[in-house]
Amino acid sequence: MTDETPWWQRAVIYQILVRSFFDADGDGVGDLPGLVRKLDYIDTLGVEAVWLSPIFPSPRADAGYDVTDFCGIHPQLGTLQDFDRLVDEAHRRGIRIVIDWPVNHTSDQHPWFEEARSSRDSRHRNWYIWADPNPDGAPPNNWLSVFGGSAWTVDEKTRQCYFHAFLPQQPDLNWREPAVPTAIHDAMRFWLARGVDGFRVDAVDMLLENPDIPDNPPNPSFDPNGPPDAAVFQVHNRSQPGVHECIAALRRVCSEFGDRVLIGEVYTSLDNLVSYYGTPAQPELHLPLNPELLNQCLVAAEIAHALVRYVDAVSPHGWPNWAWNNHDFHRLGSRAKPEQLRVAAMLLLTQRGTPFVYYGEEIGMRDVEVPPELSEDPQGRAQPRRNRDVARTPMQWNDGPNSGFTSGAPFFPVADDYGQINVASQERDPRSLLAVYRRLIALRKAEPALTDGLQTQFLREAALLFFRRELPDRRLLVVLNMSSDHQVFDFSECGPKARILLSTFLDREDVSSDQEVCLRGYEGLILALE
Ligand code: GLC
């Protein structure tokens, strides 16, 4: 890497749900002016980009992933002027803004769909995917919705079914109709011209479907506790021929505006995931999001396996990326024990690749139960164990009322444990988890070996994971004790002496050792070889 290294390869990207971050106007819902007020906090984390989950007008059948206007702001979150101010204030601090871009589908209340369903020969009819029901009234084929049930819903007025990979309130756009990409590209230019630094394209492998709509083959080993659409193999409605060209076109729109980033959500096999980097002749996503750690608990053997598998698959194709959390999964704070979160932070922030941190992860926020009368998530209604509301609750700022999130009544409950788990108390404690995140991110900036350096293959010795990060003139060792017991790590094969740059306990920097170091339970160390 050189000074030409693109910003998104060095940055840590912080994912924020604006509604859940900070409420400036006291209506109980976080908003863009609230986010502007918290930019200094984001700056102190050292992150260089934020990814905002959808900010557009939406009836919120699926938490804003059902958009009625791709060029507007949801009124509860603020106005376009508030957004412009956010971009200015963020850029002034060197923080980039990436926005979520759910363009596989729209809301059923989008004017395009309302017009499309008004008659079979309406102007926007072909912007969506229509098929006749079977003569007995059954859906046109066996395709299933991600949230359960058929992926087809009958439109009573025009007596045809429309396709929706997600809810019936989220009709899929027909990306084979040339007017659709044209409209989406124009909407991207609208945001790029406002200074947006990139997009996280939602469900990007799902843009196209097989136009002949053949049945999908049934999955004989279907697990009813998993995603309901896995009852069939999605061979005809995921990763279809032509989708790579669609994504390459999105990338070209970004490129018109310089060094913007194109991130995409793809849940698929690793072999297929890497195809979404595209080729040198036809580049696609800068960062196809890495799904490998999102369900993991901190079991050494499983983590090592997941890391090796991902690195082996991705390295020849493109720049890796890493995340423990996002808005669709249980929080790591609930998947792991509190004492494991420091070593998890070190693992995330020392990998070669772009790390993503989900709001509240840096203070160890946990899932929060949302009572049925407040719950929003359609997935959770169908499958309580897969409820996503639990990971979307208000940011815990301090130990005051509502944890300082709002002066009103919060739209979702604030965690019961906010008296202990909050930003203010961790800022007072120089050895808090928050301090660990800040120190790790600062060290990434100070030590180019951590961002730009090569990474040796991940190695595992019983409960220890370790790897090297190195540049020609700097060799670092990262050693992670994934167990609760003390572990001795012998580094003599790498060099005679090593100095501790950072311990996850933040209590023994600058100590030099000969040949070996002893790690306490769940301790992680970054060592510089001398
Ligand atoms: C993506 C989003 C998820 C949403 C779905 C439908 O998977 O991450 O939250 O429900 O797309 O838009």
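Nothing here was measured: the structure is a model prediction, and the numbers come from that model. Side chains are part of it too, since the values below use all heavy atoms of this structure and drop only hydrogens, waters and symmetry mates. Numbering of ligands and ligand atoms starts at 1, following listing order.
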Which residue and non-hydrogen atom of the protein lie closest to [atom], and at what distance in Å?
atom	answer
atom 5 (C) of ligand 1	Phe166 CE2, 3.6 Å
atom 1 (C) of ligand 1	Asp202 OD1, 2.7 Å
atom 8 (O) of ligand 1	Asp328 OD2, 2.5 Å

Quick one: which ligand 1 atoms are inside 4.0 Å of a heavy atom on [X]?
X	answer
His327	2 (C), 3 (C), 8 (O), 9 (O)
Asp62	4 (C), 5 (C), 6 (C), 10 (O), 12 (O)
Arg392	9 (O)
Glu265	1 (C), 2 (C), 7 (O), 8 (O), 11 (O)
Arg388	3 (C), 4 (C), 9 (O), 10 (O)

Would you call the rings of [X] and [Y] parallel, tilted or perpendicular if under 30° counts as parallel and over 60° as perpendicular?
X	Y	answer
His110	Phe70	tilted
Tyr276	His244	tilted
Trp112	His124	parallel

Nearest heavy-atom contact between Arg117 and Tyr162 is NH2-CE2, 4.0 Å
Residues Arg331 and Asp367: closest non-hydrogen pair is N-OD1, 2.8 Å
Look at the side chain of Asp23 and the backbone N and O of Gly28, then say whether any donor-acceptor pair between them is shorter than 3.5 Å. yes
With no hydrogens and no angle check, is any side-chain donor or acceptor of Thr354 less than 3.5 Å from a backbone partner on Trp8? yes
Region of [X] that comes within reach of ligand 1 [heavy atoms, distance under 4.0 Å]:
X	result
His105	side chain
Phe147	side chain
Met206	neither

Donor + acceptor pair across side chains of Asp197, His91 (<3.5 Å): yes
With the side chain counted from C-beta on, respond yes when Pro413 and Leu374 share a heavy-atom pair under 4.5 Å apart, and no when they do not. yes
Any Gln379 heavy atom less than 4.0 Å to ligand 1: no
Is the closest heavy-atom distance from Arg200 to ligand 1 below 4.0 Å? yes
